[in-house]
Amino acid sequence: VVYHGVFDPLPRPDAAAVAALRARHALPERFVLCLSRINPGKNVVRLVEAFALLAPRHEGLGLVLVGHADPGTLAEVRAAVARRRLDGRVTLTGPVPDAEVPVFYAACEAFVFPSTSEGFGIPVIEAMAMGRPVAAANATALPEVVGAAGALFDPAEPEAMADAVASTLAG
């Protein structure tokens, strides 16, 4: 078996690029990143529920959701954010230029990938290639991709997701 990889090394953004990205997207100093298309199979609504459990234990921590959102799912994500009173702690950027992707990885404290419908999971290996701790769903191809290099969780259980993400955070 030959697995996918990051064929061209992602650039290592400097502090100025990270600061510019933070300003451009109004990002918090500390955040967990989920970079993915936002549709039902990506399980982002449940991620918001998990973040609601995690947030009280990590003051100042944000959740940043990067990627194109299907309109129906976007409405569900926004409703979940409002229901959990997470306005100001969850940022939805929408799609971003490819050049910003490595800067998001460089800026985040950890990467989470809650997908229940994944063919491989390129964002997971990109995050690992950038040296970011990863928490990923124990579903589809992700356990094989992540192996022992990250924290796996049951994607149907917000508590398990929150605990896995917490295990990747510094301090």
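Bear in mind the structure is a predicted one, so any value in this text is a computation, not a measurement.
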Counting heavy atoms not belonging to D87, are there more than 12 under 6.0 Å from its CG? yes
Hey, mind stepping through T73 and V44 against side-chain contact (heavy atoms from CB on, under 4.5 Å) and telling me if it holds? CA-CA 8 Å; T73 306; V44 177; 5.6 Å; no
So, does [X] use its side chain to make a donor-acceptor pair with the main chain of [Y] at under 3.5 Å?
{"X": "R132", "Y": "Y105", "result": "yes"}
{"X": "R46", "Y": "E157", "result": "no"}
{"X": "N39", "Y": "K42", "result": "yes"}
{"X": "D154", "Y": "A160", "result": "no"}
{"X": "R84", "Y": "V48", "result": "no"}

Quick one: salt bridge (charged side-chain N to carboxylate O under 4.0 Å, His left out) pairs with a partner in residues 57-72, sequence neighbours left out? R37-D70, R57-D163
Any salt bridge (charged side-chain N to carboxylate O under 4.0 Å, His left out) pairs touching residues 12-28, not counting sequence neighbours? R24-E100
Can you list the steps and then say if T140 with T116 is a side-chain contact (heavy atoms from CB on, under 4.5 Å)? CA-CA 7 Å; T140 65; T116 59; 5.9 Å; no
Distance, nearest 0.5 Å, that separates [atom1] of [X] from [atom2] of [Y]:
{"X": "M128", "Y": "E126", "atom1": "CE", "atom2": "CD", "answer": "10.5 Å"}
{"X": "E144", "Y": "F120", "atom1": "CD", "atom2": "CZ", "answer": "8.0 Å"}
{"X": "L142", "Y": "L152", "atom1": "CG", "atom2": "CG", "answer": "8.0 Å"}
{"X": "R89", "Y": "F51", "atom1": "CZ", "atom2": "CZ", "answer": "4.5 Å"}

Looking at V77, L35, V81, which hits side chain to side chain contact (heavy atoms under 4.5 Å, CB included) with L65?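 It is V77; the other options fail the test.
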So which heavy atom on [X] is nearest to which on [Y], and how close?
{"X": "A137", "Y": "S115", "value": "CB-O, 3.2 Å"}
{"X": "A50", "Y": "A162", "value": "O-CB, 3.5 Å"}
{"X": "V45", "Y": "E76", "value": "CG2-CB, 3.7 Å"}
{"X": "G67", "Y": "I38", "value": "O-CD1, 4.1 Å"}
{"X": "S36", "Y": "F113", "value": "CB-CE1, 3.8 Å"}
{"X": "M161", "Y": "L47", "value": "SD-CA, 3.5 Å"}

Could you tell me which residues satisfy side-chain contact (heavy atoms from CB on, under 4.5 Å) with A164, sequence neighbours excluded, listed by chain and number? A135, A151, F153
side-chain contact (heavy atoms from CB on, under 4.5 Å) assessment of V96 paired with F104: CA-CA 10 Å; V96 299; F104 272 100; 3.8 Å; yes
Passes side-chain contact (heavy atoms from CB on, under 4.5 Å), V32 versus L169? Steps please. CA-CA 9 Å; V32 175; L169 298 174; 3.9 Å; yes
Say whether V90 and L53 are linked into one hydrophobic cluster, either directly or through other cluster members, by side-chain heavy-atom distances under 4.5 angstrom. no
Considering only heavy atoms from C-beta outward, does the side chain of P28 approach that of E109 to under 4.5 Å?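 Not in contact.
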